[in-house]
Amino acid sequence: MQSPGKSLKEALVAAHSEDRLTIGVYESAKIMNDDPDSVSFCVLATDEEYECDIALQIHFTLIQAFCFDNDISIVRVNDMQRLVDLLGDKAGDVEDAHCVLITNPAEGSWEDPALEKLHLFCEESRSLNDWVPEITLPER
């Protein structure tokens, strides 16, 4: 299996091109509250600058709990700037990129193979009691 970081990058790029990304903690919470079945994958991103941000950690805890309750695969990324660079102008301000959701593809479309690999990676991680695995995005 290819690296989880490469699969995440491919899934994000594909979702971005299909306009299936939701970026931002509050925007993500709204989507998860309104239509949790539309959410396929969740990425939580932080870096050293935000590690001690208590409010952000509380948001992350609530998002994680919601994802667990709704069977949404979830990972952490420790390099938010690399995530922002990957998402391009859609991410806007770095402040908004702490949570990124990938929503399900439209009915009748093909499944995203990179997303399927990520779901398998998350399933394997959970079997090892790593409930929110950390992924390193590859360099450009």
Side-chain angles (χ1 to χ4, degrees):
M1 181 175 145
Q2 70 182 3
S3 79
K6 187 172 183 207
S7 293
L8 179 58
K9 179 180 178 181
E10 289 175 7
L12 288 168
V13 168
H16 186 4
S17 70
E18 297 168 7
D19 201 30
R20 296 185 296 118
L21 288 182
T22 301
I23 299 174
V25 172
Y26 295 107
E27 293 81 1
S28 297
K30 185 175 180 347
I31 294 286
M32 288 191 287
N33 187 50
D34 292 346
D35 189 10
D37 292 336
S38 72
V39 179
S40 179
F41 202 81
C42 179
V43 179
L44 299 178
T46 191
D47 53 28
E48 289 178 10
E49 181 181 346
Y50 295 98
E51 271 182 3
C52 297
D53 185 332
I54 299 302
L56 183 61
Q57 296 307 319
I58 291 170
H59 287 298
F60 278 7
T61 301
L62 294 172
I63 290 169
Q64 288 171 21
F66 190 89
C67 288
F68 296 151
D69 286 348
N70 289 280
D71 294 322
I72 299 168
S73 295
I74 183 170
V75 296
R76 279 188 180 254
V77 172
N78 64 356
D79 189 341
M80 199 167 66
Q81 187 58 53
R82 192 174 297 165
L83 180 64
V84 169
D85 292 344
L86 179 67
L87 299 176
D89 61 346
K90 180 148 174 84
D93 191 15
V94 172
E95 296 284 327
D96 293 337
H98 290 293
C99 185
V100 177
L101 297 182
I102 299 175
T103 53
N104 293 316
E107 288 294 321
S109 67
W110 293 100
E111 288 293 318
D112 183 345
L115 202 52
E116 288 303 313
K117 290 175 185 169
L118 285 170
H119 287 304
L120 286 173
F121 170 75
C122 288
E123 193 175 304
E124 290 170 6
S125 295
R126 285 190 299 272
S127 72
L128 300 171
N129 287 327
D130 185 2
W131 293 91
V132 185
E134 189 167 297
I135 292 180
T136 301
L137 287 168
E139 297 289 331
R140 285 191 165 243

Take Asn104 and Val39 through the side chain to side chain contact (heavy atoms under 4.5 Å, CB included) test and state the conclusion after the steps.
CA-CA 6 Å; Asn104 293 316; Val39 179; over 6 Å; no
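- Val132 is listed as a side-chain neighbour of Phe68, based on a closest heavy-atom distance under 4.5 Å.
- Considering all non-hydrogen atoms of both residues, His98 and Thr46 come closest at ND1-CA, 4.5 Å.
- Looking only at side-chain heavy atoms (C-beta outward), Ser7 and Phe121 stay at 4.5 Å or farther from each other.
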Enumerate donor-acceptor pairs with a distance under 3.5 Å from any side-chain N or O in residues 69-80 to protein atoms, sequence neighbours excluded.
| from | atom 1 | to | atom 2 | distance (Å) |
| --- | --- | --- | --- | --- |
| Asn70 | ND2 | Phe66 | O | 2.9 |
| Ser73 | OG | His119 | ND1 | 2.8 |
| Asn78 | ND2 | Glu134 | OE2 | 3.0 |
| Asp79 | OD1 | Gln81 | N | 3.4 |
| Asp79 | OD1 | Arg82 | N | 3.1 |

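- Atom CG of Leu115 is separated from atom CZ of Phe41 by 6.5 Å, given to the nearest 0.5 angstrom.
- With rounding to the nearest 0.5 angstrom, the CG atom of Asp85 is 9.0 Å from the CG atom of Leu83.
- Shown here are the side-chain hydrogen bond (donor to acceptor under 3.5 Å, both in side chains) partners of Glu10, two or more places apart in sequence or in another chain: Gln2.
- Of all heavy-atom pairs spanning Ser17 and Ala14, the tightest one is OG-O, 2.8 Å.
- Atoms CG and SG, on Asp130 and Cys122 in that order, are 9.0 Å from each other to the nearest 0.5 Å.
- Heavy-atom minimum distance, Gly5 versus Ile135: CA-CG2, 3.4 Å.
- Pairs passing the salt bridge (charged side-chain N to carboxylate O under 4.0 Å, His left out) check and including a residue from residues 22-42, sequence neighbours excluded, read Lys30-Asp34.
- Taken to the nearest 0.5 Å, the CG atom of Leu12 stands 6.0 Å off from the CG atom of Leu21.
- Remark: Glu18 engages Arg20 in a side-chain hydrogen bond (donor to acceptor under 3.5 Å, both in side chains) (not counting sequence neighbours).
- Looking at Leu87, Leu101, Val84 one by one, the single match for side-chain contact (heavy atoms from CB on, under 4.5 Å) with Ile23 turns out to be Leu87.
- The shortest non-hydrogen separation linking Cys99 to Ile63 is SG-CD1, 3.9 Å.
- Cluster partners of Ile54, using a side-chain heavy-atom cutoff of under 4.5 Å among ILVMFWY residues and allowing indirect links, are Ile58, Leu62.
- Residues Val25 and Leu56 form a side-chain contact, since some pair of their non-hydrogen atoms from C-beta on lies under 4.5 Å apart.
- With values rounded to the nearest 0.5 angstrom, Lys6 atom NZ is found 13.0 Å from Leu8 atom CG.
- Counting heavy atoms from C-beta on, the side chains of Cys67 and Met32 come closer than 4.5 Å.
- Across every non-hydrogen atom of Leu137 and Lys9, the tightest pair is CD2-N, 4.1 Å.
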